[in-house]
J.: 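Here it is, the structure in full.
Chain letters run A, B, ... following the sequence lines, proteins first, then strands; residues in each count from 1.
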Amino acid sequence: MPSVCFYFQVHQPMRLKRYRVFDIGADRGYFAETGETNRNNERVLRKVASKAYLPTNAILLELLRRYPDFRVSFSFSGVFLDQLAEWSPETLDSFRRLVATGQVELLSETYHHSLSFVFSREEFRRQVELHRKKLKEIFGVRPVVFRNTELIYSNDVAAEAESLGYAGVLAEGADHILGWRSPNFLYQPRGGANIRLLLKNYRLSDDIAFRFSSRDWAEYPLTAPKFASWVAAHNGNGEVVNLFMDYETFGEHQWADTGIFDFLRALPAEVYKHPNNDFVTPSEAIRRFPPRGIVDVPHYISWADIERDLSAWTENSMQQDALRQLYALEGPVLASRDSSLIEDWRRLQTSDHFYYMCTKWWNDGDVHKYFNPHDSPYDAFISFMNVLHDVELRLPQKHRAQNMEHGA
Amino acid sequence: MFGWEFPPFNSGGLGVACAGLAEALHRSGVRVTFVLPRAFPIAAPFVRFRFADEGEDVYDPSPYPSAYPSPQEYEAMEAAKGGGFDRSLLGEVRRYARRARGIARSELFDVIHAHDWLSFGAGIEAKRLSGKPLIVHVHATEFDRTGGHSINREVYECERQGMAAADAVIVLSNFMKGVVMRQYGIPEEKIVVVYNGIDTGPPAAFSAGNAAGSALAALKARGKKIIIFVGRITLQKGPDYFLRAARIVVERDPNALFIIAGGGDMERQMLRETARQGLSHKVIFTGFLRGEELASLYRAADLFVMPSVSEPFGLVALEAVKHGTPAIISKQSGVSEVLRHALTVDFWDVDELANKILSVLRHPSLATTLQENASRELPHMSWTNAAQKVQALYRRFVSWIGV
């Protein structure tokens with residue numbers, strides 16, 4: 001003990017093009033920006049696939065073959081899988097090969113990587129179901145553990161996941177919910193008898209995801225033996241070390257020249273050098289370890305920023321306005337039975353659109369810390385609202401009148 | 001300090017900036033003597049005034065020359081008045097420089113600080129006579145004023161000589177630093193960027209107690225959404241782009257009303273153009289506003305637009321924000337380097353300007369977010385911060401200043 005539980009989030013949003021007032025009623029290619037910008041989804045996907053997904057998948061495949069007990073888990077957003085199918089089928093194949101080893105678990109999430117749990121429970125269930133169908137179709141897999149967008153979690157999320165039949169749910173191991181307790185055990189959510197909670201060890205996770213290449217960090221450079229020794233230091237006071245991070249950590253956030261690939265390649269052997277240390281998937285952890293207490297999370301938490309709350313997506317008036325108007329269209333959009341309209345509306349639910357509107361960091365110096373394909377949070381909002389206006393215009397006439405909030 | 005104008009005898013931002021900086025320097029313990037070319041009934045608690053024409057026996061009743069007309073316009077204006085003086089603007093500038101010698105002889109000072117080309121000559125003379133360090137403060141260059149077309153060589157030469165003779169050159173932004181390096185050949189190490197500041201006292205409550213205020217209140221009551229342009233109506237400020245965007249906006253939002261507050265060499269042309277496009281009821285020209293009337297306009301406005309072609313800084317944008325008005329500013333401005341919570345556009349991109357104006361009018365949440373965040377960053381743009389940078393520069397030459 002303890003066991004290492006890797007979960008990698010793999011997601012790319014469908015970013016909006018620069019969409020002006022004049023495009024309303026004239027252009028439905030909301031996500032089809034071309035050219036050399038970071039709003040060109042195909043361009044971003046191809047770049048990340050070649051820099052990150054393909055090389056990392058190759059390393060993982062090699063490791064899974066060499067160590068039959070090695071385990072990892074992934075959560076793919078549906079919008080990401082759609083982009084792979086269209087623009088990088090070879091990357092999709094390489095993920096399929098990983099899953100085919102039987103050593104990889106896939107997690108359940110909302111198809112559109114949305115905040116729907118917070119804003120519409122019915123839409124949330126529909127998107128979870130869409131995602132389940134997609135995993136079945138592409139990988140032949142039925143997920144048994146749920147993770148919500150951006151690790152947004154509360155007792156209600158656990159209750160919902162339990163009612164949908166999941167055995168476990170993932171969340172951030174935020175200090176303010178754990179207090180003196182350790183994230184390195186399995187817990188039971190308050191009110192959830194038959195579901196288990198896996199909490200991210202954010203210190204060890206962020207050592208890899210954020211600090212790996214930071215020269216200001218006292219532990220720089222981070223080597224596989226050093227990291228494995230930190231994991232082993234939990235022997236006797238922890239059962240499962242949950243390392244949750246974006247998959248783009250490998251090759252995109254940490255570039256190849258930081259040594260991140262060598263680190264990953266060397267890590268399993270170093271972990272195995274410590275007696276009783278190994279790897280598990282979330283569902284294996286749930287089968288292997290008993291819950292060590294009840295965790296009560298009445299208010300939403302997430303894995304974002306220092307605040308670990310919803311403020312990155314919902315803090316300012318623009319974000320609240322955009323979300324309110326977007327979800328106000330739910331009834332008429334679904335009633336339209338227009339599948340391309342419904343899909344466009346759902347793509348607008350992807351959490352990234354609201355993250356791009358966040359003004360918390362839009363001050364000097366912080367600008368480059370957070371990736372935003374739009375020129376500013378305000379530009380992100382303007383394009384989004386113009387697109388939403390066009391979506392409204394596509395509604396059947398009878399719905400349009402009562403829902404139009406904009407001027408002529 | 002050598003300057004050309006000072007509130008309330010100012011025609012624009014130059015005087016406002018001089019007063020703001022002088023007051024903040026005074027607060028941090030620097031004693032400022034402010035020299036103006038001619039005597040005025042003016043007093044301020046934070047500076048001691050000297051007038052370069054003191055002691056001259058001819059009383060000169062002509063109005064104060066504005067800091068902004070080109071030499072040609074100035075001559076035309078003055079020729080119309082007649083009189084025996086050397087009435088060219090350059091003549092005024094030269095006379096100011098000559099008289100500065102007398103001031104320099106009769107004053108004790110450590111540093112000479114000259115504001116804009118009109119007083120650079122005075123600064124150079126004072127330096128020649130006293131041997132004290134000269135700092136020139138460039139508030140605008142001839143390239144900004146003319147948009148790079150038909151540069152006045154004599155004005156350019158005054159600017160270049162001032163910058164060349166100076167021990168340090170203060171500019172208002174990195175945008176302007178580039179202009180000064182490229183166009184005037186000033187080495188980078190001599191240039192210091194000091195952003196203009198703004199005093200953020202508690203904003204006065206909206207009062208309709210002036211003519212402009214009550215007219216605006218009536219428009220608002222009729223559901224009009226007011227978009228304002230504040231500045232001289234001249235090429236540099238991009239009023240023509242404002243008008244072109246207005247035409248696009250009013251087609252889509254019949255309640256949009258555009259107000260242009262200011263005067264300038266393009267005023268007649270703009271009026272004609274407005275009439276020609278049938279926009280006279282949608283675009284209102286108020287002339288130059290100041291004081292409470294200008295404050296009323298800022299407060300009544302739903303949106304402030306500064307489409308400048310070339311703007312060394314753009315203090316009006318901070319004035320707008322101070323009054324709680326969201327701003328669209330051109331990327332070709334110094335203020336866009338410090339004011340993060342404003343919408344930015346390339347001045348020539350009229351479609352994008354219209355897109356952003358319409359977005360602000362349609363989505364109150366956009367205006368609210370801009371306004372809330374911008375007022376939060378405003379305290380970081382105080383004259384106190386600017387004065388600290390200026391004082392640090394003084395200390396490079398004179399270690400005991402302000403201690």
Side-chain angles (χ1 to χ4, degrees), chain A residues 16-27 311-326 328 354 356-370 372 374-390 392-393 404-408, chain B residues 174 193 195 223-225 245 247-256 302-303 326-329 331 335-346 349-381 385:
Chain A
L16 288 171
K17 68 154 70 166
R18 178 145 81 151
Y19 193 91
R20 292 173 165 178
V21 169
F22 318 105
D23 300 320
I24 298 170
D27 180 1
S311 58
W313 307 279
T314 63
E315 185 195 46
N316 68 40
S317 309
M318 298 190 299
Q319 293 168 312
Q320 292 161 15
D321 191 17
L323 283 160
R324 187 179 53 79
Q325 296 205 36
L326 175 68
F354 309 99
Y356 300 148
M357 296 176 199
C358 181
T359 47
K360 279 197 287 186
W361 319 292
W362 187 243
N363 297 309
D364 248 10
D366 287 351
V367 183
H368 304 291
K369 260 177 20 196
Y370 294 89
N372 190 345
H374 301 279
D375 295 342
S376 77
Y378 302 105
D379 290 273
F381 173 80
I382 290 169
S383 288
F384 184 93
M385 295 306 275
N386 285 337
V387 165
L388 196 58
H389 194 162
D390 191 75
E392 290 183 62
L393 290 178
M404 290 286 277
E405 295 206 21
H406 306 303
Chain B
N174 286 311
V193 175
Y195 294 111
K224 294 292 178 197
K225 295 174 211 160
R247 197 177 71 166
I248 301 171
V249 170
V250 297
E251 275 172 21
R252 290 175 168 75
D253 190 338
N255 280 323
D302 294 279
L303 178 62
I328 300 181
I329 57 182
K331 292 179 183 173
V335 71
S336 70
E337 294 168 23
V338 283
L339 183 61
R340 305 285 305 165
H341 293 283
L343 303 179
T344 57
V345 293
D346 288 305
D349 194 347
V350 174
D351 279 349
E352 182 62 10
L353 177 54
N355 178 44
K356 285 188 164 151
I357 292 172
L358 283 164
S359 295
V360 173
L361 300 186
R362 278 180 188 176
H363 307 297
S365 64
L366 174 55
T368 305
T369 307
L370 281 164
Q371 190 261 323
E372 286 175 359
N373 283 297
S375 8
R376 242 174 264 152
E377 58 176 346
L378 211 54
H380 304 290
M381 301 172 209
N385 287 2

J.: Would you sort out whether R18(A) and D23(A) count as a salt bridge (Lys or Arg N to Asp or Glu O under 4.0 Å), showing the intermediate values?
T.: CA-CA 10 Å; R18(A) 178 145 81 151; D23(A) 300 320; over 6 Å; no
J.: Identify the heavy atoms of A367(B) and P326(B) that sit nearest to each other, and give their distance.
T.: CB-CG, 4.0 Å
J.: With only heavy atoms counted, which part of N255(B) is less than 4.5 Å from chain A, the side chain, the backbone, both or neither?
T.: neither
J.: Kindly give the heavy-atom pair with the smallest separation between T314(A) and Q320(A), and that separation in Å.
T.: O-NE2, 2.9 Å
J.: What part of L370(B) lies closer than 4.5 angstrom to a heavy atom of chain A: side chain, backbone, both or neither?
T.: both
J.: Based on non-hydrogen pairs under 4.5 Å, which of D379(A), V21(A), N386(A) is most in contact with chain B?
T.: V21(A)
J.: What residue in N373(B), T368(B), L358(B) has the most heavy-atom pairs under 4.5 Å with chain A?
T.: N373(B)
J.: Given side chains that start at C-beta, do those of E337(B) and Y195(B) come closer than 4.5 Å, heavy atoms only?
T.: yes
J.: Among the options P364(B), S359(B), A354(B), pick out the one with the most heavy-atom pairs lying under 4.5 Å from chain A.
T.: S359(B)
J.: Determine, step by step, whether D349(B) and R20(A) satisfy the salt bridge (Lys or Arg N to Asp or Glu O under 4.0 Å) criterion, reporting the C-alpha distance in whole Å, the side-chain angles of both residues, the deciding distance to 0.1 Å, and the verdict.
T.: CA-CA 12 Å; D349(B) 194 347; R20(A) 292 173 165 178; 2.9 Å; yes
J.: Below 4.5 Å from any heavy atom of chain A, which atoms of L343(B) appear? Answer side chain, backbone, both or neither.
T.: side chain
